[in-house]
Amino acid sequence: MLEVQHIREDFEGINGRLSKRGKSFEDALNKVLELDDQRKQTQTTLDGMLAEMNAISKEIGICFKSGKRDEAEALKAKTVEIKESSKQLENTLKETIEELTNALTQIPNAPHDSVPNGKTPEENEIVLSHGDMPELAHKLPHWELAEKYDLIDFELGVKITGAGFPVYKGKGARLQRALINFFLDEGLKHGYNEVQPPIFINEASGFGTGQLPDKEGQMYHMTVDNLFAIPTAEVPITNLYRDVIVKKEDFPIKNMAYTPCFRREAGSYGKDVRGLNRLHQFDKVEIVQLAHPDESYTILEEMSSYVQSLLQKLGLNYRVLRLCGGDMGFTSALTYDMEVYSGAQERWLEVSSVSCFETYQSNRLKLRFKNENGKMQYAHTLNGSALALPRIVAALLENNQTENGIEMPEVLRPYLGFDRID
RNA sequence: GGAGAAAUGGCAGAGUGGUCGAAUGCACUUGUCUUGAAAACAAGCGAGGGUCACACCUCCGGGGGUUCGAAUCCCUCUUUCUCCGCCA
């Protein structure tokens with residue numbers, strides 16, 4: 001959530017930044033301020049009543065002690081009325097706060113100044129491209145390669161669970177395991193602390209990172225226990241710090257985790273979902289950082305470079321996009337997408353998304369630190385995929401195919417125990 | 001799954017109806033002393049709302065209730081511990 005105080009202090013700024021998302025939030029922002037004024041007013045009145053009640057109660061206590069029963073009874077009578085109206089006011093306050101929270105929850109994060117205006121993916125800005133486009137003599141798409149070399153069985157997954165839940169087999173399974181270990185080892189070298197979080201989360205966690213209520217329909221929901229399967233490890237890792245006051249000396253706090261991720265992907269269809277392009281279950285190593293607000297954007301650049309270094313080591317050509325306001329996630333202030341080129345499909349595939357959330361998540365999480373002046377302040381949160389496996393696998397299979405099989409990148413060979421798939 | 005016990009500030013741990021946002025110890029911060037450190041001594045030391053700043057209000061696991069008044073009594077949920085059962 002945006003901070004009410006920020007909206008109050010810099011209305012024009014925030015309003016302007018929000019408009020990058022391709023629609024106006026001015027009315028919503030005004031509504032928030034109005035509700036907050038209402039909240040303050042109600043609370044002030046209520047506080048006055050409670051103060052009076054407290055004073056009377058204290059007096060009654062003293063009267064009883066000194067034996068002045070009649071006086072005490074008279075005072076008691078006085079409280080009845082105050083109590084009545086304070087109860088009513090309390091309800092009003094509760095409603096106002098609820099309305100305020102709802103209004104605030106519906107406003108997305110304000111995009112960073114560098115975010116381009118725009119509504120569609122076509123308006124994303126290409127920041128840089130790296131590596132040569134693959135020139136392939138053989139252009140089998142990865143789903144055909146997967147079948148040819150018996151790496152991934154999509155049909156079998158349908159039998160076990162349903163579409164979008166592939167079964168990896170033999171060298172296909174080993175490639176998965178190799179990539180996960182490679183990514184974790186690289187993360188370790190870059191100072192990320194490895195954690196293994198639960199892959200089911202409760203409602204509070206979903207709210208903390210912004211999946212709830214915004215993306216409720218995108219998550220698998222186990223209604224019996226009211227738990228959700230994680231769509232990304234971002235949720236459990238970031239929620240490690242919900243209701244936590246961290247030490248500013250500890251910044252930046254760097255964690256990572258490998259987890260499977262689950263997405264319902266309601267509404268997807270066609271070539272987007274072919275093969276590994278879009279799955280209901282996939283594997284990902286996620287990196288998450290908590291940062292001092294002054295440093296978060298420097299750290300975002302570092303995270304972006306780190307993700308790029310992984311792609312370089314895997315020998316994949318890629319490009320980096322700065323997402324436009326309309327294509328950016330609800331909670332993000334600035335997002336870089338990394339895309340690798342799929343030589344056989346002849347299209348770009350998103351393999352990573354690196355974002356800075358400023359205080360949008362930490363406000364919901366109540367994730368704070370004591371700043372230089374001894375005041376509580378919300379930390380900045382950042383995260384990125386480093387990396388998501390399926391499309392990396394797709395690109396590796398397609399771009400490295402030869403007459404004699406599929407060559408594996410040098411860096412993976414120690415993890416794989418083989419050099420090529422044939 | 002069954003039975004019992006418990007949940008208080010960063011930690012430990014008092015507090016069973018009124019002046020308790022909460023004793024005490026540890027930890028932490030600052031100061032005195034010291035060449036420096038330790039020790040000792042002194043002061044400070046939870047969070048949120050509100051205010052120019054005070055005042056004031058809220059919070060003793062969550063929610064609800066009783067009462068003029070609740071950390072303290074009642075209900076309920078959650079979690080933890082002990083015992084039993086089951087089990088990778």
Side-chain angles (χ1 to χ4, degrees), chain A residues 1-9 32-101 103-105 196-208 212 222-228 236 239-251 253 260 290 359 361-379:
Chain A
M1 299 187 285
L2 294 173
E3 295 169 72
V4 178
Q5 208 184 331
H6 278 181
I7 300 176
R8 203 174 282 286
E9 282 166 1
V32 164
L33 290 186
E34 192 187 305
L35 283 167
D36 190 51
D37 283 337
Q38 209 173 307
R39 190 212 98 229
K40 271 194 208 178
Q41 205 187 333
T42 311
Q43 190 152 36
T44 308
T45 318
L46 176 63
D47 283 357
M49 285 182 189
L50 292 177
E52 200 180 340
M53 279 290 280
N54 287 343
I56 294 175
S57 294
K58 214 171 254 189
E59 247 181 278
I60 290 175
I62 294 166
C63 284
F64 270 124
K65 269 198 179 152
S66 51
K68 298 177 193 162
R69 289 225 159 197
D70 297 347
E71 233 170 276
E73 289 304 328
L75 284 169
K76 263 197 205 182
K78 243 171 101 177
T79 61
V80 177
E81 204 179 310
I82 306 173
K83 203 175 177 183
E84 186 64 32
S85 34
S86 75
K87 274 231 163 107
Q88 271 178 30
L89 216 52
E90 222 168 280
N91 285 331
T92 320
L93 183 65
K94 218 185 247 181
E95 281 165 28
T96 311
I97 290 174
E98 202 172 303
E99 268 183 73
L100 177 62
T101 311
L104 222 39
T105 304
Q196 271 194 26
I199 58 173
F200 295 160
I201 50 143
N202 58 27
E203 256 180 287
S205 297
F207 180 78
L212 294 175
M222 284 149 280
T223 50
V224 179
D225 296 301
N226 196 24
L227 297 173
F228 297 85
N239 271 280
L240 254 25
Y241 297 90
R242 173 151 46 88
D243 293 319
V244 169
I245 297 168
V246 297
K247 291 202 183 91
K248 67 174 188 299
E249 296 80 29
D250 293 341
F251 286 136
I253 297 171
L290 312 182
T359 61
Q361 291 184 327
S362 57
N363 186 22
R364 289 190 177 195
L365 293 160
K366 299 279 167 286
L367 161 53
R368 296 164 293 171
F369 69 99
K370 205 171 261 186
N371 68 17
E372 294 69 22
N373 305 318
K375 288 251 166 79
M376 285 300 175
Q377 199 179 332
Y378 289 116

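Computed from a prediction, not measured in an experiment: that's the story for all the values here. Here is the naming used below: chain letters follow the sequence lines, and residue numbers restart at 1 for every chain.
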Practice task
Name the nucleic acid region contacted by Lys366(A), choosing base, sugar-phosphate or nothing; use a 4.0 angstrom heavy-atom cut-off, strictly under.
Solution key: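 If one applies the 4.0 Å heavy-atom cut-off, Lys366(A) turns out to touch nothing in the nucleic acid.
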Exercise for the section: Just call it for Lys375(A): base, sugar-phosphate, or nothing, with non-hydrogen atoms closer than 4.0 Å on any strand. Expected result: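 Nothing, no nucleic acid heavy atom in range.
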Practice task
Hey, which sits more toward the 5' end of RNA chain B by its nearest nucleotide, Met376(A) or Ala51(A)?
Solution key: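 So the residue in question is Met376(A).
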Practice task
Using the closest heavy atom to pick a nucleotide of RNA chain B for each, name whichever of Lys370(A) or Asp36(A) lands nearer the 5' end.
Solution key: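 Its nucleotide being nearer the 5' end, the pick is Lys370(A).
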Problem - Polar contact flag, side-chain donor to acceptor under 3.5 angstrom, Gln5(A)-Glu9(A) - result: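 Looking only at side-chain atoms, Glu9(A) and Gln5(A) do form a donor-acceptor pair, the distance falling under 3.5 Å.
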Exercise for the section: Could you verify whether a donor N or O on one side chain and an acceptor N or O on the other, from Asn371(A) and Gln377(A), lie under 3.5 Å apart? Expected result: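 Yes, Gln377(A) and Asn371(A) have a side-chain donor paired with an acceptor closer than 3.5 Å.
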Exercise for the section: Among rU19(B), rU51(B), rG48(B), find the nucleotide with the atom closest to the side chain of Lys40(A). Expected result: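 Out of rU19(B), rU51(B), rG48(B), the nucleotide with an atom closest to Lys40(A)'s side chain is rU51(B).
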Practice task
Return the set of residues passing side chain to side chain donor-acceptor pair (under 3.5 Å) with Asp243(A) (not counting sequence neighbours), or none when no residue passes.
Solution key: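 Checked Asp243(A) against side chain to side chain donor-acceptor pair (under 3.5 Å); zero matches.
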Exercise for the section: Could you check which residues of residues 72-80 of chain A get a heavy atom under 4.0 Å from RNA chain B? Sort them by number, please. Expected result: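 The answer is Lys76(A), Thr79(A).
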Handout entry: Result of checking Asn91(A), Leu46(A), Thr79(A) against Ser86(A) for side chain to side chain contact (heavy atoms under 4.5 Å, CB included)
Key =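 The side chain to side chain contact (heavy atoms under 4.5 Å, CB included) with Ser86(A) is passed solely by Leu46(A) among Asn91(A), Leu46(A), Thr79(A).
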Nucleotides 69-71 of chain B: which of its N/O atoms have a protein N/O under 3.5 Å away?
| unit_1 | atom_1 | unit_2 | atom_2 | d |
| --- | --- | --- | --- | --- |
| rG69(B) | OP1 | Lys83(A) | NZ | 3.3 |
| rG69(B) | OP2 | Lys83(A) | NZ | 3.3 |
| rG69(B) | O4' | Ser57(A) | OG | 3.2 |

Handout entry: Complement of rA27(B), any strand, by Watson-Crick or G-U distances under 3.5 angstrom
Key =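 When the pairing criteria are applied, nothing turns out to pair with rA27(B), so the answer is none.
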Handout entry: Opposite nucleotide pairing with rA55(B), Watson-Crick or G-U, both atom distances under 3.5 Å
Key =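 Per the H-bond distance test, none.
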Practice task
With the side chain counted from C-beta on, respond yes when Ile201(A) and Asn239(A) share a heavy-atom pair under 4.5 Å apart, and no when they do not.
Solution key: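 No - every pair of side-chain heavy atoms lies 4.5 Å or more apart.
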